[in-house]
Amino acid sequence: MRPERYNAREAEQKWQKIWAERGTFTTRNDDPRPHYYVLEMFPYPSGRIHMGHVRNYAMGDVVARYKRARGFNVLHPMGWDAFGLPAENAAMQSKLHPAKWTYANIDTMRAQLQSMGLSLDWSREVATCDVSYYKHQQKLFLDFLAAGLVARKKSKVNWDPVDQTVLANEQVIDGRGWRSGAVVEQRDLTQWFFKITDYAEDLLNALDTLDRWPEKVRLMQHNWIGKSEGLLVRFAVDRASVPKGVEAADEYEIYTTRPDTLFGAKFMAVAPDHPLAAAAAARDQKLAAFIEECKRIGTSIAAIETAEKKGYDTGIKVVHPFDPNWRLPVYVANFVLMEYGTGAIFGCPAHDQRDLDFVNAYVLGVTPVVCPPDADPATFTVTDKAYDGDGRMINSRFLDGMTPKEAFDEVARRLAAQMLHGRPQGKRQVNYKLRDWGISRQRYWGCPIPIIHCEACGAVPVPEKDLPVELPADVSFDAPGNPLDRHPTWKHVACPSCGRPARRETDTMDTFVDSSWYFARFTDPKNERAPTTPAIVNRWMPVDLYIGGVEHAILHLLYSRFFVRAMRRCGHIGMDEPFAGMFTQGMVVHETYRTRNGEWIAPADVKIESGPEGRKAFLIDGGAPIEIGPIEKMSKSKRNTVDPDDIIQTYGADTARWFMLSDSPPDRDVIWSEAGVQGAGRQAQRLWRLACEIERIVGGARPAMPAAFSEKALEIRRAAHGALARVEDDIEKLRFNVCIAAIYELGNALAAAVGAIDATPVADDLRFAFAEAGDILVQLFAPMMPHLAEECWEVLGHDGLVSEAPWPVCDRELIVTDTITIPVQVNGRKCADLTIERDADEEAVKAAALALDAVRRRIDNKPVKKVIVVPQRIVNVVV
RNA sequence: GCGGACGUGGCGAAACCGGUAGACGCAAGGGACUUAAAAUCCCUCGGCCUUUCGGCUGUGCGGGUUCGACUCCCGCCGUCCGCACCA
């Protein structure tokens, strides 16, 4: 009987229904078994899922299903990161209310995710835009406020004067607002901040404990926190140099990490928004214009630092701390950041590239003060490449001959003892690049900040009994500005403290706040009284494995780490770190296609023909030739996206999942290709046929385990248990592509064994081996292609579900063989294989290797100098 | 600009702690089955040389360490990602 083709669409719906009815993936908090929490970053409900989601969730699902089979009580929830800008943009464009838009998207995307057959506990679903979620977030805000973790201060924003709104950095294009095209201004706004810098040292130190995080993510966070040890140095102003009418202070403080290079100083520079810049600009129109120009670059550090180094000489001079006769000019420079240090620096061009570029543009001269070990102090010069290495101090008076480290300490010591205006002129200072987390957003679609502003009482927290502060539903998006701010009634309330008329805070929270604690909420999402239930959250957390894109490696993960610490301080959770294990997966990329006149064409509209001369693309409609462009991240603008729905309709979810996991290592980008999906689809059919054929050979009742096995049966068992051992190891290490290769190999081995059977009544030992190997094969691919696996499991005669079956036990004795084959090299080049007993001693291996014909030929009677034997690995003969 | 990664056949890749480079898959070519197609199965498949046996060469480029280097070290080149209001 020929097995029929596997019908993915029918089978997938059938098994999804069965899983749902049986509650196979519903997780109980009171289950006593060891627990495992696997979580993928929840999606923003943008409208439809994309291939990046498919990849992300397929990976998490493999781990969830595998751990479940291994006897763990697995928590694998899903929710929606549902607040954010796109909903408001949609509201402006299509007059659809953000809530309507968002919930409609959630419904669509939930259905899409469900069609993927993910083993998720949907009963724990949360959406951050739901009052039932954000009311707890407001409580957390109030608790943080009470714990002293919230601050109110000014910060700079990109202001679009036409749209009357704050713009995200990505919305500022060449200094103009993306929608209005108006020149963007920088404005100071008083905003709410979480004091993440209070935890800077702890967040840095604790990185060492996160040994199941990718090294690169820890490094990125390390650099982001950016701890530096330096010196605060106060420079006296040369009063004579201050122009009339300029209200300069008597001194200005700079921060430097290289006080050792103080004798190489050529200038002082301050940020465009430094008080000194403002003071000097009051009497200097050109300077005022320069400062304006700097502000137009925007607030993003990338833009500021990429811009050409420019400065403006204020004319003011400061006095060198170690020489009262030495004057340094003070510049306003576009590369000095007000947010870092004191917003002022001294510039030493010889040993800092930025300073050197600057000095070369303004002809201030360069004096090297650190001489590299291999250079001659008399001739060493710096022209266009700053030297930032170690060496000995030169041209530095009392520092000469010291190492930079010694010089640093000496300068720190002297300046601490030297008085300026009655205080020590220098002070050691630990500095962090990390800034406090500004959470205020002048937007509607976010979690309202539960504060009431009262003229008499100031900023008053909303009393807990008045929570939640709910977003008003009746808002309009047809006017510029924040809809909450211009709502006729919402913001007008009585002050909770004095009862007089007051107004609500109309800023909402950054959406990063929403995603900084959802993982904790999932452990008891229905708790109406509190954000978490400590006994429950402390059992589940930290998350054992968290999977998401590298793009979140810094901000989201750092904010979450801070948030959990803050929640701990307020008694909501009992640990510091949210994620014990972390994995960052790569992107899904695709070829791009363009017509002759440069129009982007979607893959679905392209037909590819490949032959010996390579691949050619044509438009399906009309057959016009299409140019195949570079492979890039899937994006709407280049139209190189593939809709998961289409793929699932055509090939089935299993095929899509399998392909997402197969070709590329999970942390690298994967190229989506039609041919690749087809290959995955063929493999699904191949596995289905194989299961049917194995069942035909085993035939009904399974034989008991026989006492002895024929060599043929042993080979099958070895293949199965060998694959089992590899797959276990690979899934634990998330090496899904290698894991799939092992499954292919087992499939190929079993197909060959099936093909070698000629007579149908088969001996019991072989029948046992086939039945066992068939079961193992199906269980191995069940985490990746769960629907097909259920179908095969049924064919193989099992009553229950493979999703509920315990993982097979690997018989490691089967994998270890008595004899092994190792390579033999002569002068590091392989020339023969040697098959020998596994435990043969070194002398025996050496003798056997030298006795091989191919080895003797290669040695060719030359004297053997040395023979290296690495046990069970390799033999190398050196002649 | 700063920070982080990556680079191996026609393509995606594998190679565990420095020990057989190219497992597994895709594409391609050849063959079997078929009236034909699809599906399926078998064979070949880094490059150069050789009738065969086999030999040489080869992991972005240039050096180095080592009996032995995709792997370690130094210096380049190229590509991608993040940079604080996108999520």
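Lettering of chains follows the sequences in order, A, B, ..., and the numbering in each one begins at 1. All of these numbers come straight from a predicted model, not from anything done at the bench.
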Asker: Can you tell me how far P in rC74(B) sits from the matching atom in rC6(B), rounded to whole Å?
Answerer: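 Looking at atom P only, rC74(B) and rC6(B) are 15 Å apart.
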Asker: Are Ser300(A) and rC83(B) close enough that a side-chain N or O sits under 4.0 Å from OP1 or OP2?
Answerer: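 So the side-chain polar atoms of Ser300(A) never come under 4.0 Å of the phosphate oxygens OP1 or OP2 of rC83(B).
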Asker: Would you call Lys638(A) and Glu632(A) a salt bridge, taking side-chain N to carboxylate O under 4.0 Å as the test?
Answerer: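 Yes.
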Asker: Nearest-nucleotide wise, let me know which of Ala742(A) and Met220(A) is further upstream toward the 5' end of RNA chain B.
Answerer: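 Here Met220(A) is the residue nearer the 5' end.
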Asker: Are Asn748(A) and rG25(B) close enough that a side-chain N or O sits under 4.0 Å from OP1 or OP2?
Answerer: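 So the side chain of Asn748(A) is within the cut-off, an N or O lying under 4.0 Å from OP1 or OP2 of rG25(B).
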Asker: Apply the side-chain contact (heavy atoms from CB on, under 4.5 Å) test between Ser300(A) and each candidate in Val172(A), Asn169(A), Thr306(A); give the one that qualifies.
Answerer: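 Among Val172(A), Asn169(A), Thr306(A), the one meeting side-chain contact (heavy atoms from CB on, under 4.5 Å) with Ser300(A) is Asn169(A).
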Asker: Taking the basic N atoms (NZ, or NE/NH1/NH2) and the acidic carboxylate oxygens, is any pair closer than 4.0 Å for Asp160(A) and Arg179(A)?
Answerer: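 The answer is no: the pair does not qualify as a salt bridge.
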Asker: What's the CD1-P distance between Ile554(A) and rC81(B), to the nearest Å?
Answerer: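 Rounded to whole Å, this separation is 15 Å.
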Asker: Does the rC2(B) base have a donor-acceptor partner in the side chain of Arg354(A) within less than 3.5 Å?
Answerer: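 Check fails, no donor-acceptor contact within cut-off.
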Asker: Relative to each other, are the rings of His556(A) and Tyr546(A) parallel, tilted or perpendicular (30° and 60° limits)?
Answerer: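 The rings of His556(A) and Tyr546(A) sit tilted, inter-plane angle from 30° to 60°.
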Asker: In whole Å, what is the span from the CG atom of Asp667(A) to the P atom of rC6(B)?
Answerer: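 From Asp667(A) CG to rC6(B) P: 8 Å.
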Asker: Calculate the interatomic distance between Asn7(A) atom CG and rA39(B) atom C1'; express it in whole Å.
Answerer: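 Distance check: Asn7(A) CG to rA39(B) C1' gives 16 Å.
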Asker: Identify whether the glycosidic angle of rG9(B) places it syn (within 90° of 0) or anti.
Answerer: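 You should classify rG9(B) as syn.
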Asker: Among all residues two or more places apart in sequence or in another chain, which pass the ring-ring contact (aromatic ring centres under 6.0 Å, His included) test with Trp159(A)?
Answerer: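 Listed in chain order: nothing, the list is empty.
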Asker: So what does Lys733(A) hit on the nucleic acid, given a heavy-atom distance under 4.0 Å: a base, only sugar-phosphate, or nothing?
Answerer: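 Nothing, no heavy atom under 4.0 Å.
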Asker: If the glycosidic angle sits within 90 degrees of zero it is syn, else anti. Tell me which applies to rC41(B).
Answerer: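 Anti, since the glycosidic angle lies more than 90° from 0.
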Asker: Between rC83(B), rG68(B), rG12(B), which nucleotide has the shortest distance from any of its atoms to the side chain of Ile301(A)?
Answerer: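 So the nucleotide nearest the side chain must be rC83(B).
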Asker: Of the nucleotides rG19(B), rC24(B), rG7(B), which has the atom closest to the Ala741(A) side chain?
Answerer: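 It is rC24(B).
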Asker: If you look at every strand shown and take non-hydrogen atoms under 4.0 Å, does Trp224(A) touch a base, only sugar-phosphate, or nothing?
Answerer: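 If one applies the 4.0 Å heavy-atom cut-off, Trp224(A) turns out to touch a base.
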Asker: Please answer whether the main-chain N or O of Gly549(A) pairs with a side-chain N or O of His552(A) as donor and acceptor at a distance below 3.5 Å.
Answerer: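 Judged by distance alone, no pair lies under 3.5 Å.
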Asker: Would you mind pulling out the nucleotide paired to rG3(B), Watson-Crick or G-U wobble, both distances under 3.5 Å?
Answerer: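 Paired with rG3(B), as far as the under-3.5 Å criterion goes, is rC81(B).
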Asker: Rounding to a whole Å, what distance do you find between Met587(A):CE and rC86(B):P?
Answerer: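 Atom-to-atom, Met587(A) to rC86(B), this comes out as 18 Å.
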Asker: Backbone N or O of Thr197(A) within a donor-acceptor pair of the Asp436(A) side chain at under 3.5 Å?
Answerer: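 At least one qualifying donor-acceptor pair exists.
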Asker: Compare the minimum distances between each of rU20(B), rG1(B), rA87(B) and the side chain of Glu551(A), then state the nucleotide with the smallest one.
Answerer: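 Looking only at side-chain atoms, Glu551(A) lies closest to rA87(B).
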Asker: Roughly how many Å is it from CD in Gln683(A) to P in rG12(B), rounded to a whole number?
Answerer: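 Those two atoms, CD and P, are 21 Å apart.
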Asker: Taking donor-acceptor contacts at under 3.5 Å, does the side chain of Gln191(A) reach the base of rC85(B)?
Answerer: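 Side chain to base: pair present.
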Asker: What does Ser664(A) touch in the nucleic acid at a heavy-atom separation under 4.0 angstrom: a base, only the sugar-phosphate, or nothing?
Answerer: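 Sugar-phosphate only.
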Asker: Please give the distance between the C1' atoms of rA38(B) and rC86(B) as a whole number of Å.
Answerer: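 After rounding to an integer number of Å, I get 47 Å for this pair.
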Asker: Taking the minimum atom-to-atom distance to the side chain of Arg441(A), which one of rC85(B), rA84(B), rC26(B) wins?
Answerer: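 For Arg441(A), the side-chain atoms sit closest to rC85(B).
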Asker: Nearest to the side chain of Lys216(A), which nucleotide is it out of rA5(B), rA84(B), rG19(B)?
Answerer: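 The nucleotide sitting nearest to the side chain is rA5(B).
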Asker: Classify Ile868(A) by what it touches in the nucleic acid, base, sugar-phosphate, or nothing, heavy-atom distance under 4.0 Å.
Answerer: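 Base, at least one base atom sits under 4.0 Å.
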Asker: If you check the Asn737(A) side chain, which of rA13(B), rC83(B), rC85(B) turns out closest?
Answerer: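 Nearest nucleotide to the side chain: rA13(B).
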Asker: In whole angstrom, give the distance that lies between atom CD of Glu745(A) and atom P of rA15(B).
Answerer: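 Rounding to the nearest Å, CD of Glu745(A) and P of rA15(B) are 12 Å apart.
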Asker: Determine: side-chain N/O of Arg682(A) to OP1/OP2 of rC26(B), distance under 4.0 Å, yes or no.
Answerer: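 For rC26(B), OP1 or OP2 has a side-chain N or O of Arg682(A) closer than 4.0 Å.
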Asker: Among rA87(B), rC26(B), rC67(B), which nucleotide has an atom closest to any side-chain atom of Arg686(A)?
Answerer: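 Of the candidates, rC26(B) comes closest.
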Asker: Which label fits Tyr6(A) and Trp688(A): parallel for a plane angle under 30°, tilted from 30 to 60°, or perpendicular past 60°?
Answerer: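 Rings of Tyr6(A) and Trp688(A): tilted, 30 to 60°.
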Asker: Kindly say if Arg668(A) contacts the phosphate of rG7(B), meaning a side-chain N or O under 4.0 Å from OP1 or OP2.
Answerer: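 For rG7(B), OP1 or OP2 has a side-chain N or O of Arg668(A) closer than 4.0 Å.
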Asker: With distance as the sole criterion, do the side chain of Gln442(A) and the base of rC85(B) form a donor-acceptor contact below 3.5 Å?
Answerer: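 Result: at least one qualifying N/O pair found.
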Asker: Look at all strands and tell whether His556(A) reaches a base, only sugar-phosphate, or nothing, counting heavy atoms closer than 4.0 Å.
Answerer: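 If one applies the 4.0 Å heavy-atom cut-off, His556(A) turns out to touch nothing in the nucleic acid.
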Asker: What interatomic distance, in whole Å, is found between P of rA87(B) and the corresponding atom of rG7(B)?
Answerer: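 After rounding to an integer number of Å, I get 32 Å for this pair.
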Asker: Using the C1' atom as the point on both nucleotides, what is the distance between rC56(B) and rA39(B), in whole Å?
Answerer: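 My reading of the C1' atoms in rA39(B) and rC56(B) gives 43 Å.
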Asker: Between rC33(B) and rU40(B), how far apart are the C1' atoms? Round to whole Å, please.
Answerer: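 Each nucleotide's C1' atom is 9 Å from the other's.
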Asker: Measure from CG on Asn158(A) to P on rA84(B) and round the result to the nearest Å.
Answerer: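 After rounding, the reported distance stands at 10 Å.
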Asker: Could you give the CZ-to-C1' distance, from Phe781(A) to rC24(B), as a whole number of Å?
Answerer: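 Distance check: Phe781(A) CZ to rC24(B) C1' gives 17 Å.
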Asker: Name the residue closer to the 5' end of RNA chain B, choosing between Lys309(A) and Pro665(A) according to the nucleotide with the nearest heavy atom.
Answerer: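 Counting from the 5' end, the first nearest nucleotide belongs to Lys309(A).
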Asker: Is the phosphate of rA84(B) approached by Asn169(A) (side-chain N or O, under 4.0 Å from OP1 or OP2)?
Answerer: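 Checking Asn169(A) against rA84(B): at least one side-chain N or O falls below 4.0 Å of OP1 or OP2.
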Asker: Should Ile49(A) and Tyr57(A) count as side-chain neighbours, where that means a heavy-atom distance under 4.5 Å?
Answerer: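 No, every pair of side-chain atoms sits at 4.5 Å or beyond.
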Asker: Distance check, C1' atoms only: rU65(B) and rC73(B), in whole angstrom units.
Answerer: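 The same atom, C1', in both gives a distance of 7 Å.
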Asker: Which nucleotide sits closest to the side chain of Ala675(A): rG1(B), rC26(B), rG12(B)?
Answerer: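 In terms of side-chain proximity for Ala675(A), the closest of rG1(B), rC26(B), rG12(B) is rC26(B).
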Asker: Measuring from the side chain of Arg435(A) (C-beta onward, heavy atoms only), which nucleotide among rA84(B), rC24(B), rU40(B) has the closest atom?
Answerer: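 Selected nucleotide (nearest to the side chain): rA84(B).
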Asker: What distance, rounded to whole Å, do you find between the two C1' atoms, one in rC43(B) and one in rC81(B)?
Answerer: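 Approximately 43 Å lies between the C1' atom of rC43(B) and that of rC81(B).
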Asker: Counting side-chain heavy atoms from C-beta on, which of rG3(B), rA21(B), rC2(B) comes nearest to Glu305(A)?
Answerer: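 Output: rC2(B).
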Asker: So what does Arg735(A) touch, heavy atoms closer than 4.0 Å: a base, only the sugar-phosphate, or nothing?
Answerer: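 Sugar-phosphate only.
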Asker: Considering only atom C1', compute the distance from rA27(B) to rU34(B) and round it to an integer number of Å.
Answerer: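 Each nucleotide's C1' atom is 25 Å from the other's.
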